[in-house]
Amino acid sequence: MEGGPSRPRSVNPMEDIEHIEKPLKLIDENGIRLDGRKFDELRPVRIEAGVLKKADGSAYLEWGNNKVLAAVYGPREAHPRHLQNPTKALVQCRYNMAPFSVTDRKRPGPDRRSVEISKVISEAFAAVVFAEQFPRTSVDIFIEVLQADAGTRCAGLTAASVALADAGIPMRDLVTACASGKIGGRVVLDLNKDEDNFGDADCPMAIVPRTGEIVLLQMDGHLSLDEFDEAMNLSIGAARRIYEIQRDALRRRYAPSAEAALAAAAVEAQAPPPPMEAPPPPPPEDPDVMREVDDL
Ligand code: ADP
């Protein structure tokens with residue numbers, strides 16, 4: 001054997017996968033989370049309706065670091081034709097995550113996760129769209145996740161709901177989604193990516209705010225019955241706030257045209273009446289006739 005005692009191998013913190021991947025504490029003793037939010041605080045949500053010219057309806061949504069685009073076509077003739085339902089429209093959603101939406105490039109195209117999310121979102125909208133009014137047609141919803149930071153199915157569904165309204169699809173109400181879950185043993189609202197990765201549970205849901213009906217409910221992880229109740233209360237409260245943001249986006253989209261129509265009507269009402277038609281000019285006098293009259 002050569003040399004003295006072997007030196008302990010120095011550990012490069014960047015090699016310590018556990019250390020770099022797992023944030024130590026997702027929520028501190030004061031109830032403040034890693035991104036500074038309180039347990040019941042939602043990430044900022046911003047929605048814009050009617051952002052695409054070629055689609056029948058569209059919306060762009062930012063929810064924290066999530067960025068989502070939704071487009072709606074239809075009702076239009078369903079293809080392939082053997083899928084047509086003679087009694088109602090098909091409500092079909094395709095959820096897709098762009099390859100550049102996550103830190104490591106995501107393999108393009110559908111995978112099990114996107115097929116599952118597309119299915120649960122289609123079913124949520126099938127519960128509110130008046131599909132019986134459009135037999136043999138399809139209402140096609142496309143959700144493109146441009147940037148993902150957990151909660152993308154809720155963000156996508158919330159954006160798609162605004163896009164459906166923008167397309168003028170008759171619905172019982174908008175649908176609004178939000179997730180709650182558990183991190184560090186506490187129930188919290190709207191998990192971000194770190195919280196989703198290292199938390200204990202995530203429970204996305206979607207609601208029809210006007211009726212309180214739940215049209216999507218999923219759970220990843222474990223919650224006790226009390227924790228589940230608490231999570232649902234947080235999500236329902238947040239969904240009601242997001243509902244107002246959805247309605248506001250639609251108001252902003254249609255208010256300018258409604259205002260313009262009202263202004264045009266007001267201008268028309270105030271305008272002076274059009275001038276009366278002038279009487280026709282008298283026919284020119286015929287000098288010969290006048291002479292004849294004088295001769296009488
Ligand atoms: P949701 O986005 O609705 O919370 P998940 O819980 O399945 O759905 O995913 C949580 C997050 O994990 C996503 O928002 C995204 O940031 C990330 N993620 C999901 N799928 C992939 C993937 N294939 N590659 C990289 N990151 C992914």
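Whatever order the structure lists them in is the order used to number ligands and atoms, beginning at 1.
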Tell me, do Tyr243 and Asp173 make a side-chain contact under 4.5 Å, heavy atoms counted?
yes
Salt-bridge test for Glu116 and Arg112: reply yes if a basic N is under 4.0 Å from a carboxylate O, no otherwise.
no
In terms of side-chain geometry, is the basic nitrogen of Glu213 or Arg172 positioned less than 4.0 Å from the acidic oxygen of its partner?
yes
Would you call Arg37 and Asp35 a salt bridge, taking side-chain N to carboxylate O under 4.0 Å as the test?
yes
State whether Lys106 and Asp111 are salt-bridged, where the test is any N-O pair (Lys NZ or Arg NE/NH1/NH2 against Asp/Glu carboxylate O) under 4.0 Å.
yes
Any chance NZ of Lys88 has more than 12 other-residue heavy atoms, nucleotides or ligands included, within less than 6.0 Å?
no
Counting only heavy atoms and a distance below 4.0 Å, can you name the residues contacting ligand 1?
Met97, Val102, Lys106, Arg113, Ala148, Asp149, Ala150, Gly151, Thr152, Arg153, Lys193, Asp196
